[in-house]
Amino acid sequence: MTEQELLQMRDLAEDGKLQFKERANDRYDISCEIVAFCNSRGGLLVIGINDRTGIINALSYQELQETTNLLTNIASENVIPNILIEVENVPVKGGGVVIATIPEGKNKPYHDNKGIIWMKNGADKRKVFDNSELAEMMSECGSFAPDEAAVPNATIDDLDADTIKLYLMSRFAPVFKGKNIDELNMKDYSLDAMAETIIKGTTIEKLLRNLHFIRPDGKINVAAMLLFGKYTQRWLPVMTAKCISYIGNSVGGTQFRDKMYDMEIEGNLLHQFRTIMNFFTRNLRKVQIEKEFNSIGELEIPYESLTEYVVNALVHRSLNIKSPIRIFIFDNRVEIHSPGTLPNGLTVEDIKNGTSMPRNMFLFTNANYLLPYTGAGSGVRRALEYDPNAVFSNGVEDKEITHAANEFVITIPRESNQAQTESNQVAVANERKSNQAQAESNQVAVANERKSNQAQAESNQPRVNLVTRKLTKKEEDVRNFCSVPRTAQEIMDRLKISNQSKNRQKYITSLIELGVLERTIPEKPNDPNQKYRCKK
């Protein structure tokens, strides 16, 4: 790396793959940084740049030697399991800067010599305690396969016979075709009879063992329960989906056109797929494609694209994260939320180009006998050919569109004029209700103002501003939270939003203007020690 490249990198500041240290004086702190990089996607540790100011403080010849030796020693002695790092000295004015290239670990999770597991969190790092995160790390390295884990206490009797038959008919199609057994007459055959057709002298239990759906210890694995379970959610409660069609464009909306209840979606992956696709077909409009008046319309979002996206969410979701798939239909878009970011370092561009690196390999290689996908990595590319307007978000947190940092989200715009018309109608109706409520609120405010003036005339107490409208749930939460003085950062953390001026205006300044909150240092609004409390 040249000095010019170093300066360009410095000017971009620290991020999840770049960390600055002025000196490597704290051996333990350096080991924690290396551990965090190993447990994430790797990165660069630069010694010789102040992480607060970005000013280069060049190392002397002796410091370069000592730092280079220190970094390699830490990587081999203070990082467990130990790793190999690449160290480069970059000449700068007055000396040099040390750059350590730390690879993504292949034996996660890594920990420091105190047993603490660290992971990158933006430009900072954090400790990891959650078992699901540890399992995700192990899954990425191949140390743990969640789809092959045991389902405690489940037996073969908890699997659905008809779904197993469909799977066998698809996987061993030539065998059954030769015996004139098809989906119409397969119900005349027991599972054991079908197993006997495939391998003479075997039973369905032996066949499922041979296919690795039953583990050597005799327990049903997670993939078997997901593919064939009668009541899958009894054993795997969060392996389901939440489907809501909202009126409007906000996930915080209280009105919806359609909502799928838990009992409707509960079942194995085949049942979930069919139920989700039915949800789409009854909530998305059909668009007239052909000129003939009586021609059958097509969904405003191509059915083929939705099929690929739903299958991807069902098969490639993280089984370690305890949260359901979420599917939202808004007036202007559709969102499909799948737990877990892309595995094995994949990027959005990778999957658009057809790169396939399945997270749940055993589930992936067997689900294609029940669900409509090829398994060749062409699904996303094919979906984009039908509808190129879909947007993919891989672990990018966006509170406005309900993206979370630990999920993969597909956002598909809805461009139907009818959708916009309906949305406008709802907006007009809501506006009328809002105006009526505002008028009533103003009347109440006038009456309260009169009472307040009368009370003011009778008392020397200072008059308190009055709330002239009903507070939202978040505003009520802020008021209750500020029963003791709170900083702006504490309030933003409470709301789980970023500490930006627009958010402070919405949830702090507006409540001050309403007389709900007050500053603890009113004469200095921008004082760094400023806090906010509920106005008595």
**Study point:** Chi angles and distances behind the salt bridge (charged side-chain N to carboxylate O under 4.0 Å, His left out) call for Lys531, Glu490
**Key:** CA-CA 9 Å; Lys531 293 187 178 182; Glu490 288 175 327; 5.5 Å; no

Counting heavy atoms not belonging to [X], are there more than 12 under 6.0 Å from its [atom1]?
X: Gln489; atom1: CD; result: yes
X: Glu86; atom1: CD; result: no
X: Arg274; atom1: CZ; result: no
X: Leu84; atom1: CG; result: no

Do [X] and [Y] make a side-chain contact, defined as non-hydrogen atoms from C-beta onward lying under 4.5 Å apart?
X: Asp26; Y: Ile30; result: no
X: Leu211; Y: Arg171; result: yes
X: Thr72; Y: Val87; result: yes
X: Val516; Y: Glu475; result: no
X: Glu407; Y: Arg326; result: yes
X: Leu227; Y: Leu270; result: no
X: Ile301; Y: Tyr309; result: no
X: Lys242; Y: His337; result: no

Nearest-0.5 Å distance, [atom1] of residue [X] to [atom2] of residue [Y]:
X: Lys127; Y: Cys32; atom1: NZ; atom2: SG; result: 8.5 Å
X: Arg486; Y: Ile508; atom1: CZ; atom2: CD1; result: 12.5 Å
X: Ile265; Y: Met239; atom1: CD1; atom2: CE; result: 14.5 Å
X: Ile521; Y: Asp527; atom1: CD1; atom2: CG; result: 4.0 Å
X: Ser245; Y: Asn283; atom1: OG; atom2: CG; result: 4.0 Å
X: Asn406; Y: Ser338; atom1: CG; atom2: OG; result: 10.5 Å

Point to revise | salt bridge (charged side-chain N to carboxylate O under 4.0 Å, His left out) assessment of Arg479 paired with Glu476 | key: CA-CA 5 Å; Arg479 178 169 66 177; Glu476 287 280 6; 2.7 Å; yes

Check your understanding: For the residue pair Tyr167 and Phe213, does the interplanar ring angle fall in the parallel (under 30°), tilted (30 to 60°) or perpendicular (over 60°) class?
Key -> perpendicular

**Study point:** With Arg494 via salt bridge (Lys or Arg N to Asp or Glu O under 4.0 Å) - residues at least two apart
**Key:** Asp477

Point to revise | Partner set under salt bridge (Lys or Arg N to Asp or Glu O under 4.0 Å) for Glu14, not counting sequence neighbours | key: none

Polar side-chain atom of [X] near backbone of [Y] as donor-acceptor pair, under 3.5 Å:
X: Asn503; Y: Ser498; result: yes
X: Asp147; Y: Leu363; result: yes
X: Asn39; Y: Tyr110; result: yes
X: Glu148; Y: Asn221; result: no
X: Asn249; Y: Asp331; result: yes
X: Asp387; Y: Pro302; result: no
X: Asn82; Y: Glu77; result: no
X: Tyr369; Y: Thr365; result: no
X: Gln19; Y: Val46; result: no
X: Ser31; Y: Val79; result: no

Exercise for review: Check the pair Glu33, Lys125 against salt bridge (charged side-chain N to carboxylate O under 4.0 Å, His left out), reporting the backbone distance first and the verdict last.
Suggested key: CA-CA 7 Å; Glu33 295 291 351; Lys125 60 184 182 296; 3.0 Å; yes

**Study point:** Evaluation steps, side-chain contact (heavy atoms from CB on, under 4.5 Å), between Leu511 and Leu471
**Key:** CA-CA 9 Å; Leu511 291 181; Leu471 299 181; 4.0 Å; yes

Taking all heavy atoms of [X] and all of [Y], pick out the closest pair and write down the distance.
X: Met9; Y: Leu44; answer: SD-CD1, 3.7 Å
X: Ala123; Y: Lys120; answer: O-NZ, 3.6 Å
X: Ile325; Y: Ala313; answer: CD1-O, 3.4 Å
X: Lys322; Y: Val238; answer: CA-CG2, 3.8 Å
X: Ile83; Y: Cys38; answer: CD1-SG, 3.2 Å
X: Gly267; Y: Gln233; answer: N-OE1, 2.6 Å

Review point. With sequence neighbours excluded, what pairs up with Tyr28 under the side-chain hydrogen bond (donor to acceptor under 3.5 Å, both in side chains) test?
Key: Asp112

Within the 3.5 Å criterion, strictly below it, is a donor on [X] or [Y] matched to an acceptor on the partner's side chain?
X: Arg504; Y: Asn499; result: yes
X: Asn312; Y: Glu308; result: no
X: Asn360; Y: Arg317; result: no

**Study point:** Matching residue for Ile412 among Leu284, Leu306, Ile329 - test: side-chain contact (heavy atoms from CB on, under 4.5 Å)
**Key:** Leu306

Study note, to complete from the structure: The residue among Lys21, Arg10, Glu22 that forms side-chain contact (heavy atoms from CB on, under 4.5 Å) with Ile49 is Arg10

**Study point:** Stepwise side-chain contact (heavy atoms from CB on, under 4.5 Å) check, Ser170 with Leu370
**Key:** CA-CA 7 Å; Ser170 176; Leu370 286 173; over 6 Å; no

Point to revise | Steps toward side-chain contact (heavy atoms from CB on, under 4.5 Å) verdict (Phe392, Lys352) | key: CA-CA 10 Å; Phe392 303 101; Lys352 285 183 176 180; 3.5 Å; yes

Exercise for review: Mind running side-chain contact (heavy atoms from CB on, under 4.5 Å) on Ile220 and Trp235 for me, showing each step along the way?
Suggested key: CA-CA 11 Å; Ile220 301 294; Trp235 310 99; over 6 Å; no

Exercise for review: Show the numbers, then the answer: is there a side-chain hydrogen bond (donor to acceptor under 3.5 Å, both in side chains) between Gln65 and Asn69?
Suggested key: CA-CA 6 Å; Gln65 284 187 315; Asn69 292 333; over 6 Å; no

Point to revise | Quiz item: cation-pi between Lys17 and Phe37, 6.0 Å / 45° | key: no

